[in-house]
Amino acid sequence: MSPIEPEGVRRQSTTRRRRTVRLRTLLIWLAVVPTLAMGTQVTVTAERLLAQSDKLRSDVAAAEQVGAPLYTLMVDMQAERTATAAQWAGNDGSEGELRARRDATDLAAAEFRRLAVDPSRSFAEVTRQLEKLAGHRQRADTRSGSADSTLAYYSEVIGKVIQVYQQEFSHAEDAELAQASRPVVSMLQATEMVAREDTVLALAGPSGELTFAGYDQFVSALGAQRYLHEALIVPHLTARDQRFYERVVGSSDWQTKTRIESAVLSGHKDIPSGIRLPADINGWSSAHSNFSVQMTTLNIDLARSVLARGEAKADELQTEVAWLIGGSAGGLLAVVIVVVFTTRSVLRRLSDLHERTVTVAEETLPDVVARLRRGQTVDPDALPAVSGDRDEVGRISDAFARAVAVSVDGHRELAAERHGFGLFASGIASRTGNLVSRQLSLTEDLQDTFGHDEALLAELMRADQLTVGMRRQIENLLILAGGEVPDPHTDPMRVADLLREAAAEVEDFRRIERQALDETSVEPSAISQISHLLAELLDNATRFSPPKSKVVIRAELVTDGLSVEIEDRGPRVSPERYEEMNGRLHEAPPYSVLAQNAHRLGLFVVGHLADQLRATVTLRRSVYGGTSAVVILPRHLLVTTDPQAPREIEPQARVLELLPAPAPAPALALAAPVPSRPAAREPGPAAAPDPEPEPVVHTSAGLPSRRTKTPAAVPVPVPAAVPALVPAPAVRPALPERVPQTHIAEQLREPRAQETVVRPDTATPEEVADAWADYEQGTQTVEEELRRDQP
């Protein structure tokens, strides 16, 4: 067994991964963005409607506050204009009428100035025009200038008043209110046109003569007021206002107005100074006074109707805002509910898919792969099935199910190939093991035959030991191929004999010291596996420790079972290396790791054997600086041995006590091959105090003997060996007939007294030099290997 190279540190990717947004966040943003847009739109619309409602209420309030004084100012200005024209024409009693009209105008102007204090509105223009009223009155009184210029001032002020009405109360923001306010402005304009006709007729005076400019003003005012009534007032009146208007225009006063207008147009006469009006125009003033009052009432009703509509429209706008806010809030709440429900549904399905995927990846799939590796069948119901769902999550689940199916099929095919290769390797190992066993049997026959020749016996012992090593390597192949170590034992074996059998598998067995109890035995079914495991650890310990140092193996009972500890005095190993090797010992590594470390099989073999035995193997630093391997065998593998029973050597024991072989002749020593050292060092056990010598068992020729073991699961029949003839002059009993795999010498069946043979060390200087060279070469090799293993 030797250390294996680390798998290396996985290189971290230097590519910066793009930050992915969680699906929950995307779903939330998918709802938040439209919600914010909808909320913004609702807010803007609500603010616009509320502003429009406030504007309507402001207009209504301004109309209620300023509209009546403004209309009164307009009517009084029209009356003062007519009175001014009558005075200018020299009508009787015009001065008193003019003063009364001026007083009424002043009262209306003062009331207007008191109420029209809002600088943001268009009342200022009317106020500025009223400031010129005194000057024009003085001109009228002194008759400076022309009458047309003085009367034009009054018309301009009245026009400004009508313009204020048109700007302030037309409600251009709302089409319905604009349509409703149109007859009001048109009625004011028509009333102004009729008032201008009245002013022109008053300017004619008692003479009844007009200038051409005055006549043109009358004709223009007449045409304008008729157009306004026919095109802009009558079509836009409500049914109630229409009935009232028809009563006004059907009255006698209105008919008188119409008759006088027609008479002026058709009955006038041209004179050098201008136009002479017909004589029947005298009834104009009384008729105008009567129908103007009725028209004023109609104007006020129309204005109030518009104001009422504005107030109602403002209420409607506020109601619309309330409904808009409430509906939007309900819609947003519905969106939130739908988003939460959809998000939870999608995330729940994805979570279920994730849990199923994790379960399959962490539990189901590893179990299926493990069953396939063991050659067992797999239940198709244990794998995820394709459901055929058409939605996205279902398609992902089906894709994962197909990926799992492909993976399982690949593992199934790989397991079948591995199983086939394992059978192939097991067959080869079995056949090769049979040949090795036959060779061991032949070597034992040669040892029995030529045991008197110590030089030849030493070479035979070396060949025997190398053959045992070959058999162990073949068994390693069998273990790694998935097979089991053949075990011919039928009876429990004492722990001391088990340690002896494991030590006999090692080439440098003379350096191993054993310490064990005899009160404990091992189950027959686990003897070969335990022996092989200990042999691997012992071989590693002897190979990588000084040639003259001892390797101690001791066994004792502990709480968890049987503890077997192997100590050597090899080189130091880093704690990281111990951690890596213990990880592979505590869990059998996969074959993918084995393929990368094919030249280092020791740890893999020990790991597989420990996994089969349910034992634990731990490597650590010993007190001598070397490595200590601790093997804990579970209690179910142990059998209590009766201490009163006689101690016998088990027939299945592979190795008996081996004595140091005599030194060969110098020529043979030089010709002997030097054992090769592995390329890497695995930690092995260290030395312990020398134990007491154990009984020695010999062959019929008086030499130490080694027994073979059953090599493979498919045995090859071997014919019984023919007893060899010993040419020695002494008479020797004939060797017993061998039976394949169970042969044992007759002398071993008889109890022998304990015998201790101590021979002097006859190693030559050349052998010592070669051993020391081997030690230095092994040490250098281990150091180089450890340097390569460092990350």
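Throughout, numbering of the chain's residues begins at 1 and tracks the sequence. Quick caveat: nothing in here was measured; it's all calculated off a predicted structure.
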Before giving the answer on side chain to side chain contact (heavy atoms under 4.5 Å, CB included), spell out for Val631 and Thr616 the whole-Å C-alpha distance, their side-chain angles and the decisive distance to 0.1 Å. CA-CA 6 Å; Val631 182; Thr616 59; over 6 Å; no

In the structure I gave you, are the side-chain heavy atoms of Arg494 and Ser521 within less than 4.5 Å of one another anywhere? yes

Among all residues two or more places apart in sequence or in another chain, which pass the salt bridge (Lys or Arg N to Asp or Glu O under 4.0 Å) test with Arg620? Glu565

Ala361 and Pro366: which non-hydrogen atoms are nearest, and at how many Å? O-CD, 3.2 Å

Between the main-chain N or O of Leu36 and the side-chain N or O of Thr40, is there a donor-acceptor pair closer than 3.5 Å? yes

Show the nearest heavy-atom pair for residues Ala541 and Val551, with the distance to one decimal. CB-CG1, 3.7 Å

Taking the side chain as every heavy atom from C-beta outward, state whether Val522 and Pro492 have any pair of such atoms under 4.5 Å apart. no

What's the separation between atom NE2 in His532 and atom CD in Glu536, rounded to the nearest 0.5 Å? 4.5 Å

Exercise: identify the closest heavy-atom pair between Asp560 and Ile632: CB-CG2, 4.0 Å

Counting only heavy atoms from other residues, nucleotides and ligands, does the tally under 6.0 Å from NE2 of His354 exceed 12? no

Measuring only between side-chain heavy atoms, which start at C-beta, is Leu557 closer than 4.5 Å to Leu638? yes

From Leu534 atom CG to Arg514 atom CZ, the distance as rounded to the nearest 0.5 Å: 12.0 Å

Do Arg543 and Val506 have side chains that get closer than 4.5 Å, going by heavy atoms? no

Without hydrogens or angle criteria, can the side chains of Arg511 and Ser545 be said to hold a donor-acceptor pair below 3.5 Å? yes

For residues 350-365, which residue pairs qualify under salt bridge (charged side-chain N to carboxylate O under 4.0 Å, His left out), counting only residues two or more places apart or in two chains? none

Does the side chain of Asp539 reach to within under 4.5 Å of the side chain of Glu505, using non-hydrogen atoms? no

Considering all heavy atoms, the nearest Phe544-Pro571 contact: O-CD, 3.4 Å

Quick check: closest heavy atoms across Arg635 and Thr559, and the distance to 0.1 Å? NE-O, 3.1 Å

Enter the distance from Ser563:OG to Leu633:CG here, rounded to the nearest 0.5 Å. 8.5 Å

I need the Thr520 OG1 to Leu498 CG distance, nearest 0.5 Å. 11.5 Å

Excluding sequence neighbours, so at least two apart, what forms salt bridge (Lys or Arg N to Asp or Glu O under 4.0 Å) with Arg614? none

Value for CZ (Arg412) from CG (Asp409), rounded to nearest 0.5 Å, stands at 5.5 Å

Between Thr618 and Tyr578, is a side-chain hydrogen bond (donor to acceptor under 3.5 Å, both in side chains) present by the stated rule, with each step listed? CA-CA 9 Å; Thr618 305; Tyr578 278 128; over 6 Å; no

Pairwise distance CG(Leu538) to CD1(Ile512) - rounded to 0.5 angstrom: 4.5 Å

Non-hydrogen side-chain atoms of Glu576 and Glu580 separated by less than 4.5 Å: no

Any side-chain heavy-atom pair of Arg621 and Ser628 under 4.5 Å: no

Heavy-atom pair with the smallest gap, counting every atom of Val42 and Ser328: CG2-OG, 2.8 Å

Given 3.5 Å as the limit, does a donor-acceptor pair link the side chain of Asp398 with the main chain of Val386, or not? no

With side chain to side chain contact (heavy atoms under 4.5 Å, CB included) as the test, would you mind laying out the steps for Ile553 and Gln515 before giving the verdict? CA-CA 6 Å; Ile553 177 171; Gln515 300 176 6; over 6 Å; no

Run Thr364 and Val404 through side chain to side chain contact (heavy atoms under 4.5 Å, CB included) and show every step you take. CA-CA 10 Å; Thr364 305; Val404 171; over 6 Å; no

Compare all side-chain heavy atoms of Val335 with those of Pro34 and state whether any distance is below 4.5 angstrom. no

What's the verdict on side chain to side chain contact (heavy atoms under 4.5 Å, CB included) for Ile527 and Glu501, showing C-alpha distance, side-chain angles and the deciding distance? CA-CA 10 Å; Ile527 293 175; Glu501 180 176 303; 4.3 Å; yes

Have Ser549 and Tyr624 got a donor and an acceptor in their side chains that come within less than 3.5 Å? no

